[in-house]
Amino acid sequence: MKKGDHLFLVDGSGYIFRAYHALPPLNRKSDGLPTNAVLGFCNMVWKLVQDARNTNVGVVPTHFAVIFDYSSKTFRSELYPEYKANRSAPPEDLIPQFGLIRQATVAFNLPCIEMEGFEADDIIATYSRLACEAGADTTVISSDKDLMQLVGPTVGMYDPMKDRQIGIPEVIEKWGVPPEKMIDLQALTGDSVDNVPGVPGIGPKTAAQLLEQFGDLDGLLARAGEIKQDKRRETIIANADKARISRELVTLKNDVPLKEGLDDLVLHEPDGPKLIGFLKTMEFTTLTRRVAEATATEIGDVQASAVTVERADTAHGPDVGAGAPPSQRPAAPARNDAAKPPTRGEDAPPQGDTPSLLSALRLEQAAARKIDPSAYSAIRDAAALKAWIAQAREAGILALDAETTSSDPMQADLIGLSMAITPGRAIYVPFAHTSGNGDLLGGGLLENQIPVREALALLKPLLEDRSVLKIVQDMKYDIVVMSRHGIDVAPFDDTMLISYVLDAGTSGGHDLASLSEKWLGHAPAAKKELAGSGKNAIGFDQVDIERATTYAAEQADIALQLWQVLKPRLAAKGLVSVYERLERPLVPVLARMEQRGISVDRQILSRLSGELAQGAARVEEEIYGIVGERINIGSPKQLGDILFGKMGLPGGSKTKTGQWSTSAQLLEDLAAEGHELPRKIVDWRQLTKLKSTYTDALPGFINPGTNRVHTSYALAATTTGRLSSSDPNLQNIPVRTAEGRKIRTAFIAEKGHKLVSADYSQIELRVLAHVAEIPQLKQAFADGADIHAITASEMFNVPVEGMPSEVRRRAKAINFGIIYGISAFGLANQLSIPRDEASAYIKRYFERFPGIRDYIEETKAYAREYGFVETIFGRRIHYPEIRASNPSVRAFNERASINARLQGTAADIIRRAMVHMEEALDKAKLSARMLLQVHDELIFETVEAEVEATIPVVRSVMENAPMPAVSMSVPLHVDARAANNWDEAH
DNA sequence: ACAGAAGCTTA
DNA sequence: GTAAGCTTCTGTT
């Protein structure tokens with residue numbers, strides 16, 4: 001073996017267990033021999049031997065070996081008799097596969113290596129050392145953490161199941177320590193599967209932290225007395241011996257006396273007939289065919305070979321090391337497109353104007369600066385805070401981030417505040433961290449913190465100071481939290497919204513972590529690394545102050561640096577007014593809407609839930625009666641099998657995963673043919689959907705403090721400029737069916753109040769008429785005529801009077817189709833007509849309204865040229881894939897860009913209405929409060945006596961919303977109604 | 001435990 | 001044919 005060679009070492013034993021559990025059961029057809037792990041193994045080896053180039057393994061092997069455990073008795077049992085003692089026997093149908101995989105290895109012409117007294121891992125360690133000494137590189141094919149100690153400059157790992165490399169960065173990401181400290185980490189944490197004791201109560205996180213602090217295990221044990229936490233110090237001192245023996249157990253032996261030398265591991269071409277013989281025996285037809293093609297062997301010429309199947313009582317199955325490696329999240333490759341050359345049209349070539357230069361300069365500075373946690377500190381007394389506030393006043397600008405206990409700003413307790421004035425430096429002010437040793441009372445407040453009240457009293461003048469700009473990522477959250485403490489933070493810039501205005505539609509989100517990676521090339525610490533996730537999550541109050549400081553200060557620091565890079569880009573791209581008129585002013589408006597919430601009647605929901613439950617139970621019994629067994633109706637898989645398998649209904653289409661489709665559309669069609677079961681399934685789905693998503697879920701969102709439901713609006717979640725609503729989503733409350741509408745009756749006005757609903761009529765079609773300048777449509781809207789009827793009349797030359805409803809329906813579908821970026825395929829589906837008929841409709845439509853064809857072509861050409869489209873207010877929506885070579889990807893982007901101009905303009909219009917609404921109501925001395933937005937509808941709550949006065953004000957603001965920025969050539973029309981509940985008001 | 005698919009709700 | 005979010009089931013290449 002020489003320099004440049006590459007050795008692949010497959011952890012055969014580890015692979016068997018992992019493949020067995022990960023792969024679906026598979027049995028040889030002829031006799032039921034279980035073979036799933038064998039097939040997985042063969043596929044993996046074939047891929048690596050034949051086609052490593054097309055995997056993420058990165059290199060092509062020159063040497064190859066598969067390593068197995070020999071038996072459970074190794075030198076480790078001598079060292080520590082309990083080692084691997086509580087290992088249970090492997091599953092029955094895995095046992096015969098141990099031997100088969102060894103035979104598969106031989107069939108592949110690969111060395112099959114095992115050694116009495118040593119584990120596979122020791123052999124792997126030995127070969128990788130020898131290879132390194134020979135100047136060659138090694139890839140260990142495994143994801144077992146026990147092998148990670150081997151990772152280094154010349155040794156990598158590769159997880160064949162996830163097609164993912166594991167190098168030094170991946171080890172650090174997963175375990176928090178570099179590979180050379182894995183031994184010490186495992187010595188501390190132990191391993192319950194292998195019965196390595198470790199130190200009780202020390203898990204990977206604590207171990208990594210201790211090793212970070214003390215360097216290595218010996219350092220830690222020598223200086224254990226310095227550990228601050230009482231309990232931790234004691235257990236480590238008491239269990240020092242266990243840690244030492246554990247270290248011996250997990251340390252891999254790299255001087256195993258091997259029979260085969262490196263040169264015996266040279267990779268040979270596969271012997272086609274020999275391998276095919278084995279694969280044929282196993283009845284792996286696909287792989288057999290593939291191997292035959294690659295080795296130019298005629299399958300028919302090869303006889304199935306004999307294999308030996310070991311029986312459970314003779315196999316050395318129990319001896320094989322279990323491989324249940326912890327799952328690994330694929331690491332997103334670091335990406336920094338800030339340095340990329342500008343795309344054609346989109347980013348204009350570097351200009352001489354100040355904003356571009358400033359932006360470029362800031363980017364350079366940010367890229368050069370390393371984020372250094374040691375420049376972050378905690379402020380823990382009032383005097384220091386006062387001094388800091390004085391500096392911030394002087395600076396006139398300050399980034400901040402509130403740390404709380406909940407992602408719901410209406411429930412969050414404020415735990416601390418981080419702030420930054422100078423890039424690279426930041427402070428954290430802890431207010432309410434607790435000792436976190438977790439009894440139900442939550443532990444006591446830690447010392448040396450400025451109490452919330454006192455700290456906020458000091459900070460309030462700064463946060464409300466009109467001459468100090470506050471920079472925040474996602475300001476709406478902080479506004480809600482701070483306003484609950486009586487602080488009105490202003491003025492502000494929001495880095496999330498600046499990014500949204502600049503880059504809506506480009507890949508990547510607008511959250512702090514994504515922006516930091518994109519612009520600063522730095523991945524900030526994740527909150528879940530401090531506070532955990534899922535059911536093990538702790539409140540931020542329980543995170544210790546030191547770690548909280550590093551995390552929180554970094555958040556503020558990054559917000560500041562992002563602002564420095566992004567803000568000048570707004571001016572450079574002419575997007576300042578979009579940000580200042582459509583985004584930033586909406587933040588406090590939405591914050592107030594969220595804070596107000598809406599009243600939801602629990603009793604109505606609970607009554608409805610009962611009715612739905614009864615209804616669903618009845619339909620369920622009827623379904624069971626027809627089907628003859630109690631299947632899970634909620635499982636599309638089971639349903640498909642029953643409908644199209646057992647009952648033999650004419651199955652329509654399959655979904656992309658090969659399942660029978662059981663969509664409502666398809667079931668409706670079957671019902672129309674006279675089948676009774678599909679109808680019942682559709683009914684059952686409606687009832688259970690209403691129950692689970694609405695009547696059962698909504699009461700859980702009633703805030704115990706306010707007795708109202710507070711949705712959360714996302715300003716930067718959609719590509720088009722629409723808002724989105726979540727937790728709960730109040731933008732998809734049912735309205736189409738009578739059953740569903742009952743849910744809306746539960747949304748009620750306070751006593752003595754009414755709900756007012758005001759919605760734009762046909763806003764997107766009006767926008768279309770305006771931007772595409774279609775005379776007939778403009779005229780129809782000016783006349784207040786029925787737009788779909790006019791369209792039908794134009795297309796089919798029929799009078800509007802006495803028009804058959806079917807004719808109007810088709811015209812309506814075409815109008816909507818235009819808004820969605822029409823295709824014959826889509827229209828045909830919508831109207832259940834043949835594709836050529838739909839094509840004919842579209843052709844005719846374009847003949848009658850040539851302006852719309854022009855509009856569509858112009859939009860596509862513009863998007864192709866610039867990579868984005870704009871709304872009439874200048875909002876940009878990017879389509880980076882508009883020039884894709886894949887026709888369906890390209891067509892999708894074309895339709896989306898056509899829709900985005902219309903949907904986005906409509907979204908801008910209602911945003912403008914919302915921004916102006918409060919002042920208009922104020923000026924008219926009306927007390928109405930805006931509660932909800934549903935894309936083209938606003939819902940208000942107002943005292944009964946003011947209803948009549950409120951409606952004209954609301955209507956006027958909404959209808960005139962485009963003014964004075966844009967004067968539309970088509971009038972906007974708003975319908976408004978008041979009632980006691982949302983159903984009647986709508 | 002978590003992610004993705006399927007399905008359903010809205011404008 | 002556009003834009004979203006939530007629930008349930010399923011599988012863990």
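So that the names make sense, note that chain A is the first sequence line, chain B the second, and so on, each numbered from 1. Side-chain atoms are counted along with the backbone in the values below, which use heavy atoms only and exclude waters and symmetry mates.
As judged by a 4.0 angstrom heavy-atom cut-off over every strand, Asn632(A) is placed among residues touching the sugar-phosphate backbone only. In this structure, Gly817(A) reaches the bases: a heavy-atom distance under 4.0 Å links it to at least one base atom across the strands shown. Using a 4.0 Å heavy-atom distance criterion, Thr688(A) is classed as making no nucleic acid contact. Among the atoms of the strands shown, none is found under 4.0 Å from any heavy atom of Ala828(A). Nucleic acid contact class of Phe816(A) (heavy atoms, under 4.0 Å, all strands): none. Gln659(A) comes within contact range of no nucleotide atom at all, as no heavy-atom separation falls under 4.0 Å. Residue Asp727(A) is in sugar-phosphate contact alone, with no base atom involved, counting any heavy-atom pair closer than 4.0 Å across all strands shown. Using a 4.0 Å heavy-atom criterion, one finds that Ala906(A) contacts no nucleic acid atom at all. Among the atoms of the strands shown, only primed sugar atoms or phosphate atoms (P, OP1, OP2) are found under 4.0 Å from some heavy atom of Ile733(A). Backbone-only engagement by Ser635(A) is indicated by non-hydrogen atom pairs under 4.0 Å involving sugar-phosphate atoms exclusively. Using a 4.0 Å heavy-atom cutoff across all strands shown, Ala714(A) reaches no nucleic acid atom at all.
When the shell of 6.0 Å around NZ of Lys860(A) is examined, it contains more than 12 heavy atoms from other residues, nucleotides or ligands.
Regarding Asp975(A), its CG atom lies at a distance of 14 Å from the P atom of dA11(B), rounded to whole Å. Taking atom CD1 on Ile16(A) and atom P on dT13(C), their separation rounds to 18 Å, with Å as the unit. Atoms CG (Leu932(A)) and C1' (dA11(B)) sit 14 Å apart, rounded to a whole Å. Between the CD1 atom of Ile939(A) and the C1' atom of dA11(B) there is a distance of 12 Å, given to the nearest Å. Following rounding to the nearest Å, Tyr713(A) (OH) and dA4(C) (P) show an atom-to-atom distance of 17 Å. For the pair Phe747(A) CZ and dT9(B) C1', the computed distance is 13 Å after rounding to whole Å. Residue Leu827(A) contributes atom CG, which lies 10 Å from atom P of dG1(C) at whole-angstrom precision. Atom P of nucleotide dT2(C) and atom OH of Tyr879(A) are separated by 10 Å, given to the nearest angstrom.
Comparing dT10(C), dT10(B), dT8(C) by their nearest atom to the side chain of Lys637(A) picks out dT10(C). Listed nucleotides dG1(C), dT13(C), dT7(C) differ in distance to Met161(A); the shortest reach to its side chain belongs to dT13(C). Comparing atom distances between the Arg744(A) side chain and each of dT2(C), dC8(B), dA11(B) picks out dA11(B) as nearest. The Asn729(A) side chain lies nearest to dC6(C) when the options are dC6(C), dT2(C), dC8(B). Nearest nucleotide to the side chain of Ser726(A), out of dA3(C), dG1(C), dG5(C): dG5(C). Ranking dA6(B), dG5(C), dA11(B) by closeness to the Asp936(A) side chain, first place goes to dA11(B). The side chain of Thr720(A) has dA3(C) as its nearest neighbour among dG5(C), dA3(C), dT2(C).
Remark: the Gln903(A) side chain and the dT2(C) base include a donor-acceptor N/O pair separated by less than 3.5 Å.
For the residue pair Thr859(A) / Arg901(A), a side-chain donor-acceptor distance below 3.5 Å is found, with atom types taken as modelled. Using modelled atom types and a 3.5 Å distance limit, the side chains of Asp975(A) and Tyr760(A) yield no donor-acceptor pair. For the residue pair Arg744(A)/Ser757(A), the side-chain donor-acceptor check at 3.5 Å is not satisfied.
The backbone N or O of Tyr841(A) sits nowhere less than 3.5 Å from a side-chain atom of Arg810(A) that would complete a donor-acceptor pair.
A heavy-atom distance below 4.5 Å is not found between the side chains of Tyr713(A) and Leu586(A). Looking only at side-chain heavy atoms (C-beta outward), Phe892(A) and Glu881(A) stay at 4.5 Å or farther from each other.
Within the 4.0 Å cut-off from OP1 or OP2 of dG7(B), at least one side-chain nitrogen or oxygen of Thr662(A) is found. Of the side-chain N and O atoms in Arg685(A), one or more sit less than 4.0 angstrom from OP1 or OP2 of dC8(B). Side-chain nitrogen and oxygen atoms of Ser663(A) include none within less than 4.0 Å of the OP1 or OP2 phosphate oxygen of dA6(B). Applying the 4.0 Å criterion to OP1 and OP2 of dT10(B), one finds that Arg736(A) has a side-chain N or O inside that range. Regarding contacts with the backbone of dT2(C), a side-chain N or O of Arg895(A) is found under 4.0 angstrom from either OP1 or OP2. Distances shorter than 4.0 Å separate none of the side-chain N or O atoms of Thr693(A) from OP1 or OP2 on dT9(B). Between Asn732(A) and the phosphate of dA11(B), there is no side-chain N or O to OP1/OP2 separation shorter than 4.0 Å.
Between Asp159(A) and Arg18(A) a salt bridge is recorded (basic side-chain N to carboxylate O distance below 4.0 Å).
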